[in-house]
Protein chains: 2
Amino acid sequence: MITKESIFESHLKTKGLKLTPQRKAILEEVFASHEHFDIEELFANLRNKGKRISRATIYRTLPLLVESNLIKEAFRYQDKVSYEHIFGHGHHDHLLCIKCGRIIEFMDEKIEELQEAVCKKYGFKPTEHRLGIKGYCKKCISHE
Amino acid sequence: MITKESIFESHLKTKGLKLTPQRKAILEEVFASHEHFDIEELFANLRNKGKRISRATIYRTLPLLVESNLIKEAFRYQDKVSYEHIFGHGHHDHLLCIKCGRIIEFMDEKIEELQEAVCKKYGFKPTEHRLGIKGYCKKCISHE
DNA sequence: ATTTTAGTTGAGAATGAGTCGCAATTAAAA
DNA sequence: TTTTAATTGCGACTCATTCTCAACTAAAAT
Ligand SMILES: [Mn+2]
Ligand SMILES: [Mn+2]
Ligand SMILES: [Zn+2]
Ligand SMILES: [Zn+2]
């Protein structure tokens with residue numbers, strides 16, 4: 001069975017890297033919730049669970065998880081990079097409320113297809129795309 | 001006639017700010033080429049034209065140009081923020097080659113419409129959106 | 001099971017983009 | 001002109017991220 005652990009492990013192996021307790025804990029924490037997270041939050045969450053892992057290790061581990069296709073950078077908001085895990089989750093894009101910070105995820109198959117068509121038109125081979133729409137969410141429009 | 005100068009000037013006036021030689025020079029430089037640019041490049045370009053304007057002033061001025069809707073942040077690539085002027089130019093999105101750094105601009109009316117539809121569906125009032133597709137450009141696919 | 005090897009960790013120093021405080025300067029209103 | 005309030009450049013500062021290095025440890029080799 002393919003699990004996030006086995007994926008991470010084999011990616012590490014491929015690169016001649018080791019599976020340490022710290023790396024395991026980070027992997028686990030990243031999948032412990034379905035929220036988007038930034039590095040500081042991840043650091044704090046680990047602390048709250050008694051795992052004293054240094055920021056340096058977290059900064060070193062996240063790129064490994066990205067390379068493993070287990071997580072990715074989801075968006076940036078106010079200079080913070082937010083990540084999300086992607087293993088086991090479908091692709092989607094984001095609406096970002098600039099008033100209250102709410103994040104709405106959406107997925108539009110037609111938009112995806114049109115993006116493919118654009119790439120084809122330019123002979124471009126896409127590896128990743130990001131569509132972020134900023135504005136005011138339903139709740140915030142009235143108080144705008 | 002509405003010019004970029006008049007737009008900037010009236011925006012400054014609205015905020016009780018002054019039109020200084022430095023601000024004029026930055027505005028001019030930003031429209032001197034149609035390339036995307038980052039702050040360091042802008043700083044260097046001004047230097048090369050004999051304008052010794054401090055980075056602090058550039059950092060302080062760009063947000064004013066953004067507020068004036070004369071420029072906007074176009075995308076980020078390798079931690080550098082790239083801007084582009086928008087006055088006199090239609091909206092578009094970007095393909096970014098992660099091998100050679102080439103930028104391809106595109107605009108797809110249908111994608112724009114579908115984005116609107118998504119926003120409507122969620123009662124979201126968009127103020128800005130950004131679609132960036134990373135991958136390999138035509139030239140780079142072969143050497144990938 | 002023990003040894004060996006090479007990668008890993010945490011702490012703090014270093015870096016670098018961006019911001020800030022301030023004294024001297026200046027645009028532009030009066 | 002004079003006066004007022006904003007602006008500038010400089011260097012100090014902040015804060016996120018990266019780096020250095022000595023002590024440590026996973027995992028391969030024996
Ligand atoms: Mn998401
Ligand atoms: Mn562009
Ligand atoms: Zn909101
Ligand atoms: Zn290319």
Side-chain angles (χ1 to χ4, degrees), chain A residues 5-6 8-30 36-47 49-68 71-83, chain B residues 5-6 8-30 36-47 49-68 71-83:
Chain A
E5 289 81 5
S6 69
F8 192 32
E9 204 163 347
S10 70
H11 176 69
L12 291 173
K13 190 151 288 179
T14 305
K15 298 188 75 178
L17 305 179
K18 295 170 180 172
L19 182 58
T20 63
Q22 289 87 342
R23 286 177 179 161
K24 274 184 201 160
I26 292 170
L27 172 62
E28 195 173 313
E29 184 53 40
V30 156
H36 302 96
F37 63 93
D38 61 38
I39 294 215
E40 215 42 46
E41 288 165 358
L42 180 55
F43 177 74
N45 291 341
L46 285 163
R47 279 296 156 114
K49 293 184 179 166
K51 315 271 186 184
R52 303 186 66 80
I53 297 174
S54 72
R55 269 178 255 268
T57 296
I58 295 176
Y59 274 106
R60 288 186 281 230
T61 301
L62 288 196
L64 297 173
L65 292 172
V66 170
E67 291 166 10
S68 306
I71 70 172
K72 70 172 202 175
E73 196 184 307
F75 54 85
R76 284 161 192 261
Y77 184 52
Q78 295 174 341
D79 285 310
K80 293 186 317 180
V81 179
S82 278
Y83 292 87
Chain B
E5 289 81 5
S6 69
F8 193 31
E9 204 165 348
S10 71
H11 176 70
L12 291 174
K13 188 150 288 177
T14 305
K15 298 188 73 177
L17 305 179
K18 296 170 180 174
L19 183 58
T20 65
Q22 288 87 343
R23 286 176 179 164
K24 274 183 201 162
I26 291 170
L27 172 64
E28 195 173 314
E29 184 54 39
V30 157
H36 302 96
F37 63 94
D38 61 37
I39 294 214
E40 216 41 47
E41 288 166 357
L42 180 55
F43 178 74
N45 291 342
L46 286 163
R47 279 295 156 115
K49 293 184 180 166
K51 314 270 183 184
R52 303 186 68 77
I53 296 174
S54 73
R55 269 177 254 267
T57 295
I58 295 176
Y59 274 108
R60 288 187 280 232
T61 301
L62 288 196
L64 297 173
L65 292 171
V66 170
E67 290 167 10
S68 307
I71 70 173
K72 71 171 199 175
E73 197 184 307
F75 54 85
R76 285 160 191 262
Y77 183 51
Q78 294 174 342
D79 284 311
K80 292 185 318 179
V81 178
S82 278
Y83 292 87

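Naming: A, B, ... by sequence-line order, numbering from 1 per chain.
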(request) Check the surroundings of atom CD in E73(B): do more than 12 heavy atoms from other residues, nucleotides or ligands lie under 6.0 Å from it? (result) yes
(request) May I have the step-by-step check of side-chain contact (heavy atoms from CB on, under 4.5 Å) for L62(B) and L42(B), ending in yes or no? (result) CA-CA 10 Å; L62(B) 288 196; L42(B) 180 55; 3.9 Å; yes
(message) In this structure, how many angstroms lie between the C1' atom of dC10(D) and the CZ atom of F43(B), rounded?
(response) 12 Å
(request) Can you check whether any acceptor in the base of dG12(C) is under 3.5 Å from a donor in the side chain of R55(A), or vice versa? (result) no
(message) Tell me whether K15(B) is salt-bridged to E67(B), with the criterion being a basic N under 4.0 Å from an acidic carboxylate O.
(response) yes
(message) The side chain of Y59(B) is closest to which nucleotide in this list: dT19(C), dT17(D), dC19(D)?
(response) dT19(C)
(message) Could you tell me how far apart K15(A) (NZ) and dA6(C) (P) are, to the nearest whole angstrom?
(response) 18 Å
(message) Nearest whole Å is fine: how far is dA16(D) C1' from L42(A) CG?
(response) 15 Å
(request) Using atom CD1 of I53(B) as one end and atom C1' of dT25(C) as the other, report the distance to the nearest whole Å. (result) 15 Å
(request) Nearest-nucleotide wise, let me know which of R23(A) and P21(B) is further upstream toward the 5' end of DNA chain C. (result) R23(A)
(request) Go through the steps for F75(A) and H36(A) under the test side-chain contact (heavy atoms from CB on, under 4.5 Å), then give the verdict. (result) CA-CA 9 Å; F75(A) 54 85; H36(A) 302 96; 3.8 Å; yes
(request) Could you state the atom-to-atom distance from NZ of K13(A) to C1' of dA6(C) in whole Å? (result) 15 Å
(message) Let's see if you can work this out: which of dT25(D), dT26(C), dG9(D) has an atom nearest to the side-chain heavy atoms of T57(B)?
(response) dG9(D)
(request) Give the rounded distance in Å between these two atoms: NZ of K24(B) and P of dT7(D). (result) 14 Å
(message) Counting only side-chain heavy atoms from C-beta out, which of dA11(C), dA27(C), dC10(D) sits nearest to T20(B)?
(response) dA27(C)
(request) Round to a whole Å and report the spacing from NZ of K51(B) to C1' of dT8(D). (result) 16 Å
(request) Using a 4.0 Å heavy-atom cut-off across all strands, classify L19(B) as base, sugar-phosphate, or nothing. (result) sugar-phosphate
(message) From CG of L12(B) over to P of dA29(C), roughly how many Å is that when rounded to an integer?
(response) 12 Å
(request) Check if the side chain of K18(B) and the base of dA5(D) share a donor-acceptor pair of N or O atoms closer than 3.5 Å. (result) yes
(request) Check every strand shown and say whether Q22(A) touches a base, only sugar-phosphate, or nothing at a heavy-atom separation below 4.0 Å. (result) sugar-phosphate
(message) Judged by each residue's nearest nucleotide on DNA chain D, which is more toward the 5′ side, G16(B) or R60(B)?
(response) G16(B)
(message) Between T61(A) and Q22(A), does the side-chain contact (heavy atoms from CB on, under 4.5 Å) criterion hold? Intermediate values first, please.
(response) CA-CA 9 Å; T61(A) 301; Q22(A) 289 87 342; over 6 Å; no
